[in-house]
Amino acid sequence: MQRTKIVDLLKSTDYGKEVIVKGWVRTFRNNQFIAINDGSTTNNIQAVVDFNTTDETKLKRLTTGAAVAVTGELIESLGKGQKVEVKVKQLEILGDCDAEKFPLQPKKHSLEFLREIAHLRFRTNTFNAVFKVRHALAFAIHQFFNERGYVYMHTPIITASDAEGAGEMFKVTTLPFDNTPRTEDGKVDFKEDFFGRATNLTVSGQLEGELAAMAFGEIYTFGPTFRAENSNTTRHLAEFWMIEPEVAFADLTDNMNLAEELLKYVINYALTNCTDELEFLKNRLLEEEKQKPQDERSVLDLIAKLNFCLSNDFQRLTYTEAIDILKNSNHNKKKKFKYIIESWGADLQSEHERYLVEKHFKKPVILTDYPKEIKAFYMRQNEDGKTVRAMDILFPGIGEIVGGSQREERLALLEQRMKEMHIPAEELHWYLDTRKFGTAPHAGFGLGFERLVLFVTGMTNVRDVIAFPRTPKSAEF
RNA sequence: UCCCUGAUAGCUCAGCUGGUUAGAGCACAUGACUGUUAAUCAUGGGGUCGCUGGUUCGAGCCCAGCUCGGGGAGCCA
């Protein structure tokens with residue numbers, strides 16, 4: 001006989017039927033009630049053993065964390081807390097769990113502690129819910145693009161170009177550290193290295209993505225990305241996952257529409273397919289916020305927040321308009337910003353982005369047309385000679401979740417910008433070829449996957465929405 | 001990397017103005033109870049007070065440095 005998953009048993013009304021349940025003990029109460037979880041749902045099933053007829057040493061082995069197989073009759077529960085339960089006929093301990101050494105207890109643990117035991121934290125309700133939602137969002141992203149005829153490209157993890165300017169890179173090498181081969185002028189001789197040149201882990205698949213978009217029209221990437229920045233925040237990881245669509249014959253408006261549509265699609269997918277998980281996470285958040293003073297609590301609960309996000313257009317405005325709003329805000333006049341907005345051209349600090357999103361508009365915001373000085377070389381220059389066709393999507397509580405642009409497709413202007421920003425053109429000859437041979441307007445963006453999961457789950461630290469976080473001074477597991 | 005903050009039992013935390021033997025809840029062990037819901041009740045075991053040095057008659061508490069965690073900033077997704 002096959003085991004039945006707990007998610008199905010809890011919905012069943014097949015009373016009297018013999019079933020097999022396999023899972024892990026969460027708690028064993030009153031010497032007779034085993035709460036079993038098999039990961040198929042956040043909820044447990046209750047198995048009831050007759051302690052008068054069951055071997056006492058076996059009952060002793062029913063500790064939190066132990067793996068068990070239970071055969072018995074599915075019955076309508078005699079108790080109040082649950083609809084169904086399993087009346088145990090046969091009980092097998094598949095794997096013991098020394099209760100004295102097992103770190104998880106049937107109580108609340110801090111997220112910091114669980115992060116230290118990331119190999120076991122999947123066994124908690126919170127992480128069960130978080131990773132179910134993470135899975136659903138990943139699946140929804142592929143479904144969204146597949147439905148629209150996008151080609152999923154696997155861009156390389158190891159790259160030779162060091163010219164993308166998206167941050168510090170991790171070096172990839174097989175050279176010995178204690179006896180590094182040197183050239184005549186004393187520099188490391190990468191000709192001796194595995195690839196015959198210096199290589200790094202990718203910081204973005206965008207440039208390769210553009211090459212593919214110039215043939216398939218519409219592509220996306222979804223893969224790991226690496227940044228060796230010494231960033232210690234709740235929204236940065238050294239290894240994270242990013243979605244990067246690239247669309248030929250698209251302008252900035254098409255790009256914004258695509259991003260907004262994608263975000264709403266996947267949020268809606270989670271709302272309809274992860275109802276139990278989101279309900280659990282909503283309550284978790286409410287519980288957590290009870291500790292906070294009234295004015296720091298969220299106005300909307302998690303599910304209401306997601307629905308609100310779906311039913312409202314993202315606020316679109318230019319950088320110039322944003323500066324005006326910030327400059328004229330009471331917040332700025334009363335000097336409540338640490339960095340006072342004085343003139344056009346200043347880079348927006350987190351506090352300014354948060355003011356726009358959380359105080360002024362109170363919904364997701366898309367900022368466009370930033371000064372060219374504070375943006376990357378490949379963004380399309382506007383006619384004003386000052387700004388570029390960039391767009392950042394800012395989410396409440398998260399900050400920048402999407403960063404994208406219409407790309408500069410005009411060779412001369414691109415080359416000129418690269419020269420100004422000291423980007424070596426030789427290294428990117430293949431990238432420039434797209435502008436030489438049948439260049440076309442195109443646009444794309446990068447969506448930080450963990451930041452998306454953060455928003456949808458209501459968690460507050462990206463380290464809690466990726467299985468095994470890699471951050472400065474931390475690469476355990 | 002910078003600013004703030006923290007580190008006391010397996011976990012969560014208390015520990016007064018520097019003063020005798022460092023406490024609680026949960027977890028664990030033993031027993032009782034047996035339709036519980038993080039079961040309950042009784043009893044018990046459990047500590048290099050992050051590390052190093054200093055001040056002091058005396059340091060968990062004061063000072064310095066270091067390590068690690070958390071929050072914020074920068075960089076960004």
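Here is the naming used below: chain letters follow the sequence lines, and residue numbers restart at 1 for every chain. The model shown is predicted, which means the values in this text are computed figures rather than measured ones.
One N or O donor and one acceptor, one from the side chain of Ser231(A) and one from the base of C75(B), sit under 3.5 Å apart.
If you check C16(B) for Watson-Crick or wobble pairing at under 3.5 angstrom, you find it has no partner at all. In this structure, U1(B) and A73(B) make a Watson-Crick or G-U wobble pair, each of the two defining distances being under 3.5 angstrom. If you check U48(B) for Watson-Crick or wobble pairing at under 3.5 angstrom, you find it has no partner at all. The nucleotide U37(B) finds no pairing partner, because no Watson-Crick or G-U wobble arrangement with both distances shorter than 3.5 Å includes it. The nucleotide C68(B) finds its pairing partner in G6(B), both defining distances of the Watson-Crick or G-U wobble pair being shorter than 3.5 Å. Within the shown strands, C11(B) is the pairing partner of G25(B) under the Watson-Crick or G-U definition, both distances less than 3.5 Å.
Rounded to a whole Å, the CG atom of Asn232(A) is 16 Å from the P atom of C76(B). Note: CG (Asn255(A)) to P (A77(B)) measures 13 Å, nearest angstrom. Taking atom CD on Glu450(A) and atom C1' on A77(B), their separation rounds to 9 Å, with Å as the unit. Gln349(A) places its CD atom 11 Å from the P atom of C76(B), with the value rounded to the nearest Å. As rounded to whole Å, 19 Å separates atom P of G6(B) from atom CD of Glu116(A). If you measure from atom CZ of Arg463(A) to atom C1' of G69(B), you get 9 Å, rounded to the nearest angstrom. Spacing between atom CD of Glu244(A) and atom C1' of C76(B) amounts to 13 Å, rounded to whole angstrom units. Atom CD in Gln105(A) sits roughly 7 Å away from atom C1' in G10(B) (whole-Å rounding).
Side-chain atoms of Gln206(A) and Glu210(A) form a donor-acceptor pair, as typed in the model, at a separation below 3.5 Å. Remark: the Tyr265(A) side chain and the Gln143(A) side chain contain an N/O donor-acceptor pair separated by less than 3.5 Å.
Between the P atoms of G70(B) and U56(B), the separation comes to 38 Å (whole Å). The P atoms of G6(B) and G10(B) are separated by 23 Å, rounded to the nearest whole Å. Straight-line distance between the P atoms of U21(B) and G60(B): roughly 11 Å, to the nearest whole Å. Taking the C1' atom of each, G74(B) and C4(B) are spaced 15 Å apart, rounded to whole Å. Between A24(B) and A9(B), the distance separating the two P atoms is 14 Å to the nearest Å. U17(B) and C28(B) have their P atoms separated by 37 Å, given to the nearest Å. One P atom belongs to C26(B), the other to A42(B), and the distance between them is 10 Å to the nearest Å. Nucleotides G71(B) and G45(B) place their C1' atoms 38 Å apart, quoted to the nearest Å.
Within 6.0 Å of atom CZ in Arg354(A), 12 or fewer heavy atoms from other residues, nucleotides or ligands are found, so the atom counts as exposed in its surroundings. By the 6.0 Å contact criterion, NZ on Lys5(A) is open, its count of non-hydrogen atoms from other residues, nucleotides or ligands being 12 or less.
Put simply, Asn230(A) has a side-chain N or O that comes within less than 4.0 Å of OP1 or OP2 on U1(B). In terms of phosphate contacts, Ser350(A) brings a side-chain nitrogen or oxygen within less than 4.0 Å of OP1 or OP2 of G74(B). Remark: Thr27(A) is in phosphate contact with A39(B), judged by side-chain N or O atoms under 4.0 Å from OP1 or OP2. Between G72(B) and Thr234(A), a contact under 4.0 Å exists linking OP1 or OP2 to a side-chain N or O. At A39(B), one or more side-chain N or O atoms of Arg29(A) fall inside 4.0 Å of OP1 or OP2 (strictly under the cut-off). For the OP1/OP2 pair of U37(B) and a distance below 4.0 Å, the side-chain nitrogens and oxygens of Arg26(A) include no atom meeting the criterion.
Looking only at distances, a side-chain donor or acceptor of Thr199(A) sits under 3.5 Å from a matching main-chain atom of Val172(A).
Within the 4.0 angstrom heavy-atom criterion, only backbone atoms of the sugar-phosphate kind lie near Val402(A); the bases stay farther away. Here Glu85(A) lies in heavy-atom contact (under 4.0 Å) with a base. Contacts of Phe102(A) with the nucleic acid, taken as non-hydrogen atoms under 4.0 Å apart, are absent. Among the atoms of the strands shown, none is found under 4.0 Å from any heavy atom of Lys101(A). Heavy atoms of Ile401(A) sit under 4.0 angstrom from primed sugar atoms or phosphate atoms, though from no base atom. Within the nucleic acid shown, Leu237(A) comes within 4.0 Å of at least one base atom, counting heavy atoms only. Ser110(A) comes within 4.0 angstrom of the backbone, heavy atoms only, and of no base. Here Gly79(A) lies in heavy-atom contact (under 4.0 Å) with a base. Using a 4.0 Å heavy-atom cutoff across all strands shown, Thr64(A) reaches no nucleic acid atom at all. In this structure, Asn52(A) reaches neither bases nor backbone, as no heavy-atom distance under 4.0 Å exists between it and the strands shown.
Mapping Gln82(A) and Arg115(A) onto RNA chain B by nearest heavy atom places Gln82(A) at the nucleotide closer to the 5' end. Mapping Gln32(A) and Gly403(A) onto RNA chain B by nearest heavy atom places Gln32(A) at the nucleotide closer to the 5' end.
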With ring-ring contact (aromatic ring centres under 6.0 Å, His included) as the criterion, how do Tyr220(A) and Tyr152(A) come out once you've worked through the C-alpha distance, each side chain's angles and the decisive distance to 0.1 Å? CA-CA 5 Å; Tyr220(A) 71 105; Tyr152(A) 176 28; 5.0 Å; yes

Show the numbers, then the answer: is there a ring-ring contact (aromatic ring centres under 6.0 Å, His included) between Phe127(A) and Phe468(A)? CA-CA 12 Å; Phe127(A) 286 92; Phe468(A) 302 107; over 10 Å; no

Please assess Phe226(A) against Phe240(A) for the test ring-ring contact (aromatic ring centres under 6.0 Å, His included), listing each intermediate value before the final yes or no. CA-CA 7 Å; Phe226(A) 308 88; Phe240(A) 65 100; 8.3 Å; no

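Nearest to the side chain of Ser474(A), among G69(B), G35(B), A38(B), sits G69(B). Comparing U34(B), U36(B), A73(B) by their nearest atom to the side chain of Thr233(A) picks out A73(B). Relative to the side chain of His236(A), the nucleotides C75(B), U12(B), C68(B) differ in distance, and C75(B) lies closest. Here C75(B) is the nucleotide among A39(B), C75(B), U34(B) with the atom lying nearest to any side-chain atom of Arg235(A). Residue Asp347(A) has its side chain nearest to C75(B) when only U12(B), C75(B), G35(B) are considered.
When each of Lys101(A), Arg61(A), Lys58(A) is checked for a salt bridge (Lys or Arg N to Asp or Glu O under 4.0 Å) with Asp96(A), only Arg61(A) meets the rule.
Under the stacking criterion of a centre-to-centre distance below 5.5 angstrom and an interplanar angle below 30°, Phe33(A) is not stacked against the six-membered ring of G35(B).
Contact detail for Glu373(A) and Lys386(A): the closest heavy-atom pair is OE1-O, 4.2 Å.
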